[in-house]
Amino acid sequence: MWLAATSVSRRMRSWHLLLALTLLATLSLAADPLVSVTRFPNLPSKFFYFDDTTTVIMHDPARGIIQLSSDEGANWGVVENIPAGQAMRLIQHPYDNSMAFVLGKGTTHWVTYNRGSSWLSWEMERDANLSNDAVMSFHAENKGACRRCLQAGLTFAD
Amino acid sequence: MSIDWILFQTTVCEDTGKGRWGAGRSCWDETYYTQDAFRTGPTLLLSQTSSCLFARSKPDFAHAPESLIFCVAFDSSNKAGGIHNIRESRLYSSENWFEESTFVDLGIGKKAQGVVALGVVSKFLVVALKVNDGSGKRSSARGKAGGDPMHLYVSTDGKKWRLARFPHSIMP
C-alpha cells in the first residue's frame, strides 16, 4: 500500500517535472536562464540551502571558513565574524530553517538564527567532540509533528 | 521552545602524569545541553557518555514525553578518566535533564550492558547490544545464541523493549 502510494507520487512528481521543463523551454525562447560561475579552491565539506529560501551556505574545511550566498549561488561572500581557519564543522538545524551552527577549533562556536545574516559566538567549558558525527543532537518538536499526532488520535502525556 | 533544545557532545582530556611508560593522557566525553539554542551558556547534562539523544529527535517518535533523553554512558561510580570497556556501557534515561536518571534494563536486568549504539529510526528507538555470555571470557563470534554476537532491542515508547528477531535468511 505504502509502496503503491510512493510510486504514484513519484510518477506525479516526474509529470510535474515534465511540465516544468516544458514551461521552461517555452520561457527560454523569451530569455535564457542566467548562469553564473564562481570558482572555489577547495571542495566543500558541507553545502546546503536554508530550506525554502534563496540562501546557500558552505564550509571550506581546508581554509576553515564559511561562505554564504543569499541569491542562490550567484554571489558569494565569506562570513566575517568567524576568523579564518576556525570553522571546523558546519551543522544545519534539521527542524528550523533559519538556524545553523559552526563549530570552532577550541571552545568558541558560532550560531546564526537568521539564515547566516548575523552570527553570534558562544563559549563552552570543554572542546567539542569533533570526531563524533552526532556531536549535536536536536529536538524534533514542531507544529507538523503535533498535527500528525492529533490525526492519529494520540495525545501527549505532558 | 523545544526546537531550541540541543545536546552537545564534548571531549575532556587530562594528563595523568609521568609514569614508567611515559606521560599519559586520558580522555572522556561529557554531554552538555541548552534550552535556548546557546543564547545562554550550556549546562552539563552527564559525564562519561558516548552518545545522548532526545526520544523525540525525529518527528515520528511522537509518543514519548517531551523532555525524555537517552544516554549511552559508563557507570558513574567509576572514577573520571581511564579506559572503559565497551562491555560496561549502559543505557540511561531521564526526564529532568539527568537530575535523576534511570538505568534502562531493556527487560533483561543487569545483563543490559555493552550498549554500542543508540538511535531513532522512523518511529522506533533502537539499541545495539554487544552480547556478553557472562563467563567473563570473550565469547566467540559464532558461539551460543545462534552465532549472533550483537543484539538489537527496539521500543516504540522508550519503556517497553523487545529483542528484534531477524529471519535466518539474512544472517551472514
Side-chain angles (χ1 to χ4, degrees), chain A residues 2 51 88-89 91-115 118-158, chain B residues 1-14 27-45 47 49-72 95-96 117-120 122-123 156-159:
Chain A
W2 172 243
D51 283 348
M88 304 299 287
R89 287 273 289 271
I91 295 170
Q92 181 176 23
H93 194 303
Y95 309 113
D96 187 316
N97 70 348
S98 44
M99 266 196 247
F101 308 86
V102 172
L103 303 190
K105 258 182 182 161
T107 52
T108 307
H109 313 291
W110 292 267
V111 54
T112 177
Y113 305 110
N114 51 14
R115 293 172 290 275
S118 62
W119 294 81
L120 292 170
S121 68
W122 88 85
E123 289 289 328
M124 297 287 300
E125 289 167 19
R126 309 297 199 185
D127 289 349
N129 183 344
L130 293 168
S131 59
N132 190 331
D133 279 340
V135 59
M136 293 178 99
S137 34
F138 297 91
H139 196 286
E141 186 64 280
N142 60 30
K143 288 189 182 96
C146 286
R147 212 178 302 134
R148 210 178 300 171
C149 313
L150 291 173
Q151 279 169 0
L154 301 168
T155 49
F156 295 136
D158 35 32
Chain B
M1 286 255 290
S2 52
I3 200 107
D4 291 337
W5 294 2
I6 298 163
L7 305 179
F8 194 95
Q9 198 72 12
T10 69
T11 299
V12 201
C13 290
E14 214 171 57
C27 298
W28 66 94
D29 268 22
E30 291 183 344
T31 305
Y32 281 74
Y33 72 94
T34 174
Q35 289 173 281
D36 56 11
F38 304 106
R39 288 173 180 93
T40 59
T43 314
L44 179 66
L45 180 78
S47 194
T49 52
S50 58
S51 71
C52 288
L53 54 76
F54 290 104
R56 286 204 208 167
S57 60
K58 296 279 165 67
D60 286 334
F61 204 80
H63 310 265
E66 187 175 38
S67 62
L68 181 60
I69 295 174
F70 286 95
C71 282
V72 180
E95 286 183 44
N96 56 8
L118 161 72
V120 176
S122 160
K123 59 179 182 172
T156 52
D157 59 4
K159 292 189 175 75

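Sequence lines set the chain letters: A, B, ... in the order given, protein chains first and strands last, and positions in each chain run from 1.
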Quick check against the 3.5 Å criterion: does B:Tyr32 have a side-chain atom that pairs as donor or acceptor with the backbone of A:Arg126? no

Next on the checklist: Could you check whether B:Arg56 makes a cation-pi contact with A:Phe138, meaning its NZ or CZ is under 6.0 Å from the centre of the six-membered ring and within 45° of the ring axis?
Outcome noted: no

Here the gap from A:Asn129 atom CG to B:Phe8 atom CZ, rounded to the nearest 0.5 Å, amounts to 9.0 Å

The reported gap from CH2 in A:Trp122 to OG1 in B:Thr34 (rounded to nearest 0.5 angstrom) is 8.5 Å

Here the gap from B:Gln35 atom CD to A:His139 atom NE2, rounded to the nearest 0.5 Å, amounts to 10.5 Å

Under 4.5 Å to a heavy atom of chain B? For A:Leu103 that would be side chain

Are any non-hydrogen side-chain atoms of A:Tyr95 and B:Pro59 less than 4.5 angstrom apart? yes

dist B:Glu30:CD -> A:Glu125:CD (nearest 0.5 Å) comes out at 8.0 Å

field: Heavy-atom check, side chain of B:Thr10 versus side chain of A:Met124, under 4.5 Å
entry: yes

A:Phe101 side chain near B:Ile6 side chain, heavy-atom distance below 4.5 Å = yes

Honestly, the part of B:Cys52 sitting under 4.5 Å from a heavy atom of chain A is backbone

Practice item. Would you mind reporting whether B:Asp4 and A:Met99 have side-chain heavy atoms less than 4.5 Å apart? Key: yes

Honestly, the part of B:Ser51 sitting under 4.5 Å from a heavy atom of chain A is neither

For B:Leu53 and A:Ser137, the nearest pair of non-hydrogen atoms, with its separation, is CA-OG, 4.0 Å

Bottom line for B:Ala37: the part with an atom under 4.5 Å from chain A's heavy atoms is both

Distance col, row A:Asp127:CG vs B:Cys13:SG, nearest 0.5 angstrom, shows 8.0 Å

